[in-house]
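Residue numbering restarts at 1 for every chain, and letters A, B, ... go by the order of the sequence lines.
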Number of protein chains: 2
Amino acid sequence: MEAQTSCCAIYNCEICDYRADERCTGCRSGNLDLKERVGAACAVFECVISRQIHSCLECSEAGCRLKRSVEMICPLRGLFEKKRWWAGRMSRALESRRRRAANTEYDRKMSERVVNRLRWYLVALDSFEVEGYESVSSWQLAERVGVSSALIRKDLSRFGEFGTPSYGYRTAFLRDRIRAILRLDKPRGIVWVGACMLRHHASDIERLYRNNCRLLGVFDTDEGEIGQRVGNFKVEHIDRVAEVIAGAEVSAAVIAVTSPRAQQIAETLVNLGAKAILNLSGQLINLPYNVRVSSLDVAGELLELCYYC
Amino acid sequence: MEAQTSCCAIYNCEICDYRADERCTGCRSGNLDLKERVGAACAVFECVISRQIHSCLECSEAGCRLKRSVEMICPLRGLFEKKRWWAGRMSRALESRRRRAANTEYDRKMSERVVNRLRWYLVALDSFEVEGYESVSSWQLAERVGVSSALIRKDLSRFGEFGTPSYGYRTAFLRDRIRAILRLDKPRGIVWVGACMLRHHASDIERLYRNNCRLLGVFDTDEGEIGQRVGNFKVEHIDRVAEVIAGAEVSAAVIAVTSPRAQQIAETLVNLGAKAILNLSGQLINLPYNVRVSSLDVAGELLELCYYC
DNA sequence: TAGATTGTTAATCGATTAACAATC
DNA sequence: TAGATTGTTAATCGATTAACAATC
């Protein structure tokens, strides 16, 4: 177990200015209750060898995943993997804390299910408007979206009284209110990685523009794509992303590459300030808990659907 | 209210052979409790004018949405919209029944959230296997998928005991078990509509093949695409789908067209036997409750993500 | 044997539904 | 006024978590 002497973590936080300076259990006895220790104060994992600081679990700052930081701290991979009780115990102890921290990050008022439904209400309202409906009732909306009318009324009533009894909701008014709730008026900057996929989403981009989402640049890893044009953009190499974006505020990024570098690209984009990643690569991406990842995977989704056949 | 005399529905079912032959409340008093009536027997909506039969709420057969059938029955749109209490009452009364019916369709043992997670466990297991892991513990899997380890153990324990205490799960074994649970060994036939999009999903198709999903044909509405080739397929017009498929069993279909005909195409495919539709069109699709629809919408998803920025 | 990790239980948490008074 | 539909409450339902005995 002497090799694990190097697997120490010093509890320390740049933000809270707390420094426990205690060795981790990995080096000594396995009986020490890590949960207690960590609970006592904000913890940043600092590698005693490289002095690199990793995620603070309390503030959710910096933040690279625990497992990875452990691997970085302990380069003796073979030994570590044969006996990974240290990482195991640690990870289990911290799991629920991190989860809690991640949840309080976002607006407590609105669950992600509500946000998702509001988005579909908007699509339905648009279609009702096109069909010339001045007003819609909750059951009409429910019918089209595929949820219950009670849920629609409940969802909407969180944010105010938008309807009129016995009449329903004025289509245009409700549409505007939902747009405001979803903050679709605020301008956003999007980085797109994967030029090929972008070409097939021209209509999507148009819809984004209508909702104040601007594309900041198009990037790729594939040398064949670099220099090509997509719409108004020249495709740049992903390695040049910081340079090309040059200070523009990145809200979200789309990763639509086929190369297996999705994880690495995602990390680059997070460092650039992206707070949300749309992952179309079909690969799993792991990011700090304060970054939101949404994965759309056509093949996976189809396989899932087949289950119901 | 005389105009609504034509808005009658005869309760009648082709499948159960029940025919109540009673007029709907719309024509007479509004006090009749439709819920009771409908509850008494299987109901199909038959238009007294066109004699067209609409969805049976009991068997979930045929099935076009209630609202649409009402509109068809009552062509006096102006009048109907000014005073739609009939449709409102009806719809509200039936809403929860249909919902219940839809839920009992599927395997009660496994919620859709579980199915979705299993799919991601599979992706994670694949990646662990590639990295050479012989075994994984629930927290390792949890870490990579982004759920809690308790949930993973709970999910897996529904189907048997796949792990070994103090050791974890054997990667290859667990992978095979999950594949079996998701029935990925069973061959499936897929219809793809929207040639352009398919070209950008070559790698997805490959993954489908590895999981026994076979493409039956590629179709489109765009005349420019008809006759072109995609992989091994010649693109055919969607109107020829029945002819081209010719009796092959359709499990699921992908609708990836940009034209606003998504709803209509979906109905065609359901008539061909599709039990699940993957909707990439960005449009809302409404289908009978025994058909599963999953919508992936890049622009919408991205707008939703921006909310969290 | 000591320590790790599973499978499972009970407790908690959150989301959805049914129902209805208030309102138009 | 009669009837429709909202907003909201309490009840229900289901999903997730924490915890721990059983097991390796």
Q: For D:dG7, take OP1 and OP2 only and decide whether either is under 4.0 Å from a side-chain N or O of A:Tyr169.
A: yes
Q) Which one, C:dT6, C:dT17, D:dG7, comes nearest to the side chain of B:Ser137? A) C:dT6
Q: Using Watson-Crick or G-U wobble pairs with both distances under 3.5 Å, give me DNA chain D in dot-bracket, 5' to 3', with [ ] for crossers and | for pairs to another strand.
A: ..||||||||||||||||||||||
Q.
Show the nearest heavy-atom pair for residues B:Ala180 and B:Asp185, with the distance to one decimal.
A. CA-OD2, 3.8 Å
Q.
Measuring only between side-chain heavy atoms, which start at C-beta, is B:Ile178 closer than 4.5 Å to B:Leu156?
A. yes
Q. Roughly how many Å is it from CZ in A:Arg153 to P in D:dT5, rounded to a whole number?
A. 10 Å
Q: Compare side-chain N and O positions of B:Arg117 against OP1 and OP2 of D:dT16 and report whether any pair is under 4.0 Å apart.
A: yes
Q. Which whole-number value in Å describes the distance from A:Arg158 CZ to D:dT6 P?
A. 18 Å
Q. Tell me: CZ of B:Phe173 to P of C:dT6, nearest whole Å?
A. 14 Å
Q. Counting only heavy atoms not in A:Arg170, do more than 12 fall under 6.0 Å of its CZ?
A. no
Q. Of all the choices, D:dT16, D:dT8, D:dT5, which nucleotide is nearest to the side chain of A:Ser157 once you look at every atom?
A. D:dT8
Report all interatomic pairs (protein N or O, nucleotide N or O of nucleotides 9-14 of chain D) with separations under 3.5 Å.
none

Where do N or O atoms of nucleotides 22-24 of chain C meet protein N or O atoms at under 3.5 Å, pair by pair?
from: C:dC24; atom 1: O2; to: A:Ser166; atom 2: OG; distance (Å): 3.1

Q | Minimum side-chain heavy-atom gap A:Ile277-A:Arg292 below 4.5 Å | A | no
Q: Without swapping roles, check the side chain of A:Asn279 against the backbone of A:Gln283 for a donor-acceptor pair under 3.5 Å.
A: yes
**Q.** Length of the CD-P vector between B:Glu161 and C:dT5, whole Å
**A.** 18 Å
Q. Side chains of B:Phe159 and B:Leu118: closer than 4.5 Å at any heavy-atom pair?
A. yes
Q: Indicate yes or no for a side-chain donor-acceptor contact from A:Thr171 to the backbone of A:Glu134 under 3.5 Å, with no hydrogens or angles considered.
A: yes
Q: Report yes if a side-chain nitrogen or oxygen of B:Arg113 is closer than 4.0 Å to either non-bridging phosphate oxygen (OP1 or OP2) of D:dT16; otherwise report no.
A: yes
Q | Atom of B:Ser295, atom of A:Trp120 and distance for their closest heavy-atom approach | A | CB-CH2, 3.8 Å
Q | Euclidean distance, atom CZ of residue A:Phe159 to atom P of D:dT6 [Å, nearest integer] | A | 17 Å
Q | Side-chain donor/acceptor of A:Ser135 to backbone N/O of A:Gly168, under 3.5 Å | A | no
**Q.** Length of the CZ-P vector between B:Phe162 and C:dG7, whole Å
**A.** 9 Å
Q.
Check whether A:Phe128 forms a cation-pi arrangement with A:Arg144 (NZ or CZ under 6.0 Å from the six-membered ring centre, at most 45° off the ring normal).
A. yes
Q. Of B:Glu112 and A:Leu156, whose closest DNA chain D nucleotide lies nearer the 5' terminus?
A. A:Leu156
(Q) Using the rule side chain to side chain contact (heavy atoms under 4.5 Å, CB included), only one of A:Val145, A:Leu151, A:Leu122 pairs with A:Arg117; which is it? (A) A:Leu151
**Q.** Whole-Å gap separating P (D:dG7) and CZ (A:Arg177)
**A.** 12 Å
Q: Just do the salt bridge (charged side-chain N to carboxylate O under 4.0 Å, His left out) check on B:Glu129 and B:Arg175 with the steps written out, would you?
A: CA-CA 9 Å; B:Glu129 232 179 334; B:Arg175 186 244 293 136; 2.6 Å; yes
Q. To the nearest angstrom, how far is A:Asp155 atom CG from D:dT8 atom P?
A. 13 Å
